[in-house]
Structures are given as structure tokens and as C-alpha cells.
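Counting from 1, the numbers follow the sequence of the chain as shown.
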Amino acid sequence: MGKEDRHPAERKFGSEEGGLRIHQAIARQLGTAIVAGIHKPGDVFEGEIEAAERLRVSRTAYREAVRILVAKGMLESRPKAGTRVLPRSRWNVLDPEMLAWMFAGEPDAAFVRDLFELRGVIEPAAAELAARRRTDAQLLAMEQALGQMRGHGLSTEEGRAADQRFHHAILAATQNDALAALASSVGAAVSWTTTFKQRRKSPPRDPFADHRAVFDAIAAGDAEGARAAMSELLRLALADMDIALLEPVGGS
């Protein structure tokens, strides 16, 4: 990647970057540029020495940033061959940090629908299992999350965090460790799609009643009803997201 190919978003780093350590901030900048298509699969990055000098960071910080992206499947670094952007099929697209980078700008509509398709496979089944296996403590956690979600609203960070806790509690209530392990990825998908919907020009639909229907079915031990309620919640959420993807943000 020569000087003429550098994107204007690339910049030098100070001692603090929004609470991130320098190598994390570099990884975020490079990762965001990759998911935005500024650096394309097959592109070769400049050498470590040149990149560190341009960004005015230590070679160690730049090397650690590259390691983060290698671990996420975004880059491949080989001696003599350099550092190359890998195809999207190699990326760990469910990594919560990568999801944040994808939603930092305008997310790809096909990928948003992929996320909902994945959730449609996982979450209705999880709700069904939760209706059969949930403990009183897990039911209380869902109910408290719902109350906070309603009290704060999804336009606030607190409300979105409560929404995540609700979905986490359902996965935990399956008593299935493999499903519970998906909580961070599912939670990140819930959070970022909800955040994106809040950027719409018109007020988004309030999904509280959809969540309440899922909770009521789980609380009643109605496995079929819980599956159906979660499927409907996701169907409506995807419809809302389709509107958000089509509708301009901000002014008319």
C-alpha cells in the first residue's frame, strides 16, 4: 500500500485513544478500514517500519495491532511475503469487536440479514429450551432486564444493555453450555442492530411488547409458545431493520 493509496481516515496516534491502548486503537482503525472495503482482500500492507513511522507509534504497538487482526482472520502475516488482507470468508465475523467495526458506518444489508438468519436458527430454539429448563433466578434476571429495558428505552445505552441481558439470560436458561457460549456474539448482534435502528430519521417501533411475549411464554413453561414468540420478535426486528437500511439518516 503506497502513500498515494492511504485513506484520509488514517492518522497519527496520541497517547490516549478514547480509552483504548495504542495497539488497540491502531487495530480498530485498520479493522474499520478493512470492513469498509478501503483495504481489499489481497491488498498488501506497507512494512512494519514504514507504518510505525507514519503513524508515529512504536513498532511493537503496530505489531500487536496486526496480531489482533490476524487472530480475527482479517490479515495474514508471513516473513518476506508481508501482511496481506484475507478474504471475507476467513474473517471471524461474529467477533463482537468486528461487529462494532462493521456497524461503525453503513453496514452491508446482506450481512445484516445474515445475522438475523443466524439468530433465527439459534434464538427460537433457545427460547423453547429456556421455557423447559429455566430456573427461578434466570426468570428473575429476564424480568429485571425487561423492566430496565422499558424504563430506559432502547434509544439509551442503558436500555440497549438491558436488551442484551435479556437475550443473554435466555441463552443461559437453556442449561446448554454450547448455546450459552454464543451469548457474546448474539448479544453484540442485538446491540449493534438496535443501535443502528436508532439512527433512523423517524422514531423506531417499540419492541417491548415482543420481548414481553417471549418472557411470558418462558415464564409459563410454554415451549412452543416461546419458540413462536421469539420467531415473531425476530421477524419484526428484521422488518424494522430493512426500513432502517432503506431510510436516510438525519436530514431529508
Side-chain angles (χ1 to χ4, degrees), residues 1-79 81-116 118-119 157 160 164 181-196 199 241 245 249:
M1 182 177 65
K3 290 183 179 180
E4 69 277 4
D5 297 321
R6 293 172 191 155
H7 189 263
E10 294 187 351
R11 55 182 176 74
K12 299 176 179 66
F13 290 84
S15 59
E16 293 185 7
E17 292 291 326
L20 295 177
R21 298 179 67 180
I22 295 300
H23 69 279
Q24 294 171 320
I26 298 167
R28 179 181 62 183
Q29 175 178 292
L30 295 176
T32 301
I34 291 170
V35 299
I38 296 164
H39 305 307
K40 301 184 184 303
D43 285 356
V44 178
F45 277 24
E46 63 193 320
E48 179 183 292
I49 296 173
E50 294 87 345
E53 288 179 351
R54 177 172 55 82
L55 297 171
R56 293 186 181 177
V57 299
S58 70
R59 290 175 62 184
T60 299
Y62 182 79
R63 191 181 307 126
E64 287 301 314
V66 169
R67 284 177 180 166
I68 290 173
L69 300 182
V70 167
K72 295 181 190 299
M74 304 178 82
L75 294 178
E76 181 179 59
S77 186
R78 292 183 177 179
T83 300
R84 184 183 304 273
V85 180
L86 290 175
R88 189 183 178 103
S89 61
R90 298 277 298 275
W91 301 356
N92 180 10
V93 294
L94 293 181
D95 179 273
E97 193 170 27
M98 193 184 299
L99 285 172
W101 297 340
M102 288 182 173
F103 281 88
E106 190 75 11
D108 178 72
F111 179 68
V112 170
R113 293 185 183 94
D114 285 349
L115 284 179
F116 275 97
L118 175 67
R119 291 182 63 193
E157 187 175 338
R160 291 190 293 272
Q164 276 188 290
L182 297 172
S184 61
S185 295
V186 170
V190 170
S191 177
W192 287 109
T193 51
T194 301
T195 299
F196 182 77
R199 291 161 53 186
M241 180 57 73
L245 288 165
V249 177

Item to check | Separation between CZ of Phe103 and CZ of Phe111, rounded to the nearest 0.5 Å | outcome: 6.5 Å

Next on the checklist: Any heavy-atom pair between the side chains of Leu30 and Met74 that's under 4.5 Å?
Outcome noted: no

Checklist entry - Heavy-atom distance under 4.5 Å between the side chains of Trp91 and Val35, does that happen here? => result yes

Next on the checklist: Using a strict threshold of under 4.0 Å (side-chain N to carboxylate O), is an ion pair present between Glu46 and Arg54?
Outcome noted: yes

Checklist entry - Does atom CD of Glu157 have more than 12 heavy-atom neighbours, drawn from other residues, nucleotides or ligands, at distances under 6.0 Å? => result no

Next on the checklist: Within this structure, what is the CD-OG distance for the pair Glu97 and Ser184, rounded to the nearest 0.5 Å?
Outcome noted: 12.0 Å

Next on the checklist: Less than 4.5 Å apart, side chain to side chain, heavy atoms only: is that true for Arg119 and Thr193?
Outcome noted: yes

Checklist entry - Measuring from Glu53:CD to Leu55:CG, what's the distance to the nearest 0.5 Å? => result 10.5 Å

Checklist entry - Which heavy-atom pair separates Trp192 from Pro96 by the least distance, and what is that distance? => result NE1-O, 4.3 Å

Checklist entry - Where do Ala61 and Ser58 come nearest, in terms of heavy atoms and distance? => result N-OG, 3.0 Å

Next on the checklist: Is the shortest side-chain heavy-atom distance between Leu75 and Phe45 below 4.5 Å?
Outcome noted: yes

Checklist entry - Under 4.5 Å between any side-chain heavy atoms of Thr83 and Leu69, yes or no? => result no

Checklist entry - So how far is it from Arg56 CZ to Ile22 CD1, rounded to the nearest 0.5 Å? => result 13.5 Å

Checklist entry - With a 4.5 Å limit on heavy-atom distance, are the side chains of Val93 and Asp114 in contact? => result no

Checklist outcome for this item: Rounding to 0.5 Å, atoms NE2 (His23) and CZ (Arg63) come to a distance of 12.5 Å

Item to check | Least distance between heavy atoms, Gln164 atom then Ser191 atom | outcome: CD-CB, 3.7 Å

Item to check | Arg59: salt bridge (Lys or Arg N to Asp or Glu O under 4.0 Å) partners, not counting sequence neighbours | outcome: Glu48

Checklist outcome for this item: Between Glu64 and Arg67 the two heavy atoms that sit nearest each other are OE2-NH1, 2.5 Å

Checklist entry - Quick one: CD1 on Ile34 to NZ on Lys72, what's the gap to the nearest 0.5 Å? => result 11.5 Å

Next on the checklist: Side chains of Val186 and Leu94, heavy atoms from C-beta outward: is any pair under 4.5 Å?
Outcome noted: no

Checklist entry - Do you know which two heavy atoms are closest between Ala189 and Leu99, and how far apart they sit? => result N-CD1, 3.9 Å

Checklist entry - Which heavy atom of Leu86 sits nearest a heavy atom of Gly73, and at what distance? => result CD1-O, 3.5 Å

